[in-house]
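For the numbers below, each heavy atom of this structure counts, side chains included, while hydrogens, waters and symmetry mates do not. Being a predicted model, the structure only gives us computed values, none of them experimental. Chain identifiers are assigned alphabetically (A, B, ...) following the order of the sequence lines, protein sequences preceding nucleic acid strands; residue numbering begins at 1 within each chain.
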Protein chains: 2
Amino acid sequence: MTNSEIKKSRGRPSKFDPETSLNIAMQLFWAHGYEGTSIAELTNAMGINKPSLYAAFGSKEELFEKALQQYISGPIAFISAALDEPTAYRVVEKLLVESAYFLTAPDTPHGCMVNTGSLSCGKETATIKETLAQCRQRFETALTARLQRAQAEGDLPAQADPATLAKYIATLHQGMSVQAASGTSREALLAMAKLVLDNWPPC
Amino acid sequence: MTNSEIKKSRGRPSKFDPETSLNIAMQLFWAHGYEGTSIAELTNAMGINKPSLYAAFGSKEELFEKALQQYISGPIAFISAALDEPTAYRVVEKLLVESAYFLTAPDTPHGCMVNTGSLSCGKETATIKETLAQCRQRFETALTARLQRAQAEGDLPAQADPATLAKYIATLHQGMSVQAASGTSREALLAMAKLVLDNWPPC
DNA sequence: TTATTTATTTACCAATCAGTACATAAATAA
DNA sequence: TTATTTATGTACTGATTGGTAAATAAATAA
């Protein structure tokens, strides 16, 4: 049904594009975190009124979750894509080097929505904090599996511990997000990434 | 004047100890960050009313700054103390291993007030974010100087770059704070610290 | 006792928070 | 035209935010 998107809707036409609005929400949450972004700021940036936002996205939490999905499948798609690299070294290289570029990109907020979007927060926002922690854990688990495969393929020494190596890389990545959010330069992050890569694998 | 603290004050006596209250504030800010801790929560935990808090500490920002000083000179005094260790290895060892224990201590919030107290926030809280970023930068700068000294003392290879090494350790430390705030176990952090130390210095 | 000083309690402030009720405007269907 | 559907703009809710004014309670000084 190619004409399914041309079919005329019944009532008053929407004056905004939900996908565009979702991207705006992603930018704001990315820059200021969950608690640091208010509904008023969101609707102002989107150019719509609050009832439209709630009709389209349900609640602030739901909007954040959708913006987070957008973020994961868009700006940081390279993270999960890195796991497809052919060797452990290439995986880690892509993760660290592309992150160094990404975290200091001039047109986007410095830092990572997953790592710094909600670390400390009030008790009523614990759900969001949990969601982001799960995101980080999922990545670390996937990286562990990838390094186990590398070990099985003889791509990583037998005495290496994939879980500890994965935690090492994940920890570095999270630290890089904090660094970027504090204004560290791209060059400094790249130099540090090179240092880590020149000593891969550490075991 | 040993009797200076016994001299009787003129008006109605204070019913709370400001130092105790400051420690309570430190615990709350440590656990939930600046924005995640409200004045109402602070006064409830202290057992005092708001005017008493404002009379004693000025404002929420001033209270946070004082709690931060308390935190730096108390719970994480080991951080600056680590720089006094005799060798670069011992410095890094103390930093990473003691941090692994500290960040996962059962009686205190998991995580570090300096690293996760305010990473992303609303525009009006940018001052606090700046203050914490400066704290982190001061530490990294001091560590760089310490590693330069180590290099001068022949304690670090000539081709090593102290600034990059310091950023590497600082980044790992910040990442460990994120990990701890997400619930990573002490054992996992210690295993990672060992991995890093077994490969020191990376150059 | 009386005056002064200080800290307390209670009550309040304006602003903002997330979220919603309601009337209206703009489209299609009959 | 008339009915129905959907999204809009305005105005509002109750709760909470950080911060304060004003009256009172408890101490010392005179």
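- Ring planes of B:Y34 and B:F29: parallel class, angle under 30° (limits at 30 and 60°).
- Between A:F64 and A:W30, a ring centre-to-centre spacing not shorter than 6.0 Å is recorded.
- Of all heavy-atom pairs between B:A25 and B:L63, the closest is CB-CD1, 3.9 Å.
- Donor-acceptor pairing under 3.5 Å is recorded for the side chains of A:Q179 and B:Q174.
- Residues satisfying the salt bridge (charged side-chain N to carboxylate O under 4.0 Å, His left out) criterion with A:K129, sequence neighbours excluded, are absent altogether.
- With sequence neighbours excluded, no residue forms a side chain to side chain donor-acceptor pair (under 3.5 Å) with B:S14.
- For B:S14, a side-chain nitrogen or oxygen approaches OP1 or OP2 of C:dT8 to under 4.0 Å.
- Contacts between residues 118-128 of chain A and DNA chain C, defined by a heavy-atom separation under 4.0 Å, are absent.
- Less than 4.0 Å separates DNA chain C from at least one heavy atom of each of the following residues of residues 23-37 of chain A: A:T37.
- A:T141 and A:Q137 form a side-chain donor-acceptor contact under 3.5 Å, judged by distance and modelled atom types alone.
- Here A:S99 pairs with A:H173 under the side chain to side chain donor-acceptor pair (under 3.5 Å) rule; sequence neighbours left out.
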Could you list the donor-acceptor pairs under 3.5 angstrom formed by side chains in residues 188-203 of chain B, with sequence neighbours left out?
unit_1 : atom_1 : unit_2 : atom_2 : d
B:K194 : NZ     : B:D198 : OD2    : 2.7
B:N199 : ND2    : B:L195 : O      : 2.8

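- When the side-chain nitrogen and oxygen atoms of A:S9 are compared with OP1 and OP2 of D:dT6, none of them lie within a distance under 4.0 Å.
- At D:dG18, one or more side-chain N or O atoms of B:K60 fall inside 4.0 Å of OP1 or OP2 (strictly under the cut-off).
- Partners of B:T164 by side chain to side chain donor-acceptor pair (under 3.5 Å), not counting sequence neighbours, listed by chain and number: B:D161.
- Looking at DNA chain D, the stems built from 3 or more consecutive Watson-Crick or G-U wobble pairs, each pair with its key distances under 3.5 Å, are C:1-30 with D:1-30.
- A:Y101 OH: 12 or fewer foreign heavy atoms inside a 6.0 Å radius.
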Measure all distances between protein nitrogen or oxygen atoms and nitrogen or oxygen atoms of nucleotides 24-26 of chain C, and list the pairs falling under 3.5 Å.
unit_1 : atom_1 : unit_2 : atom_2 : d
C:dA25 : O4'    : A:R12  : NH1    : 3.3
C:dA25 : N3     : A:R12  : NH1    : 3.4

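- The distance from the CD atom of A:E140 to the OH atom of A:Y168 is 14.0 Å, given to the nearest 0.5 Å.
- Every residue two or more places apart in sequence or in another chain was checked for a salt bridge (charged side-chain N to carboxylate O under 4.0 Å, His left out) with B:E130, and none qualifies.
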Which pairs of donor and acceptor atoms, one on a side chain in residues 146-153 of chain A, lie under 3.5 Å apart (sequence neighbours left out)?
unit_1 : atom_1 : unit_2 : atom_2 : d
A:R146 : NE     : A:L83  : O      : 2.9
A:R146 : NH2    : A:E85  : O      : 2.7
A:R146 : NH2    : A:P86  : O      : 3.3
A:R149 : NE     : A:E153 : OE2    : 3.0
A:Q151 : NE2    : A:P157 : O      : 3.0
A:Q151 : NE2    : A:A158 : O      : 3.1
A:Q151 : NE2    : A:A160 : O      : 2.9

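- Of all the residues in residues 42-57 of chain A, A:K50, A:P51, A:Y54 reach under 4.0 Å from DNA chain C with at least one non-hydrogen atom.
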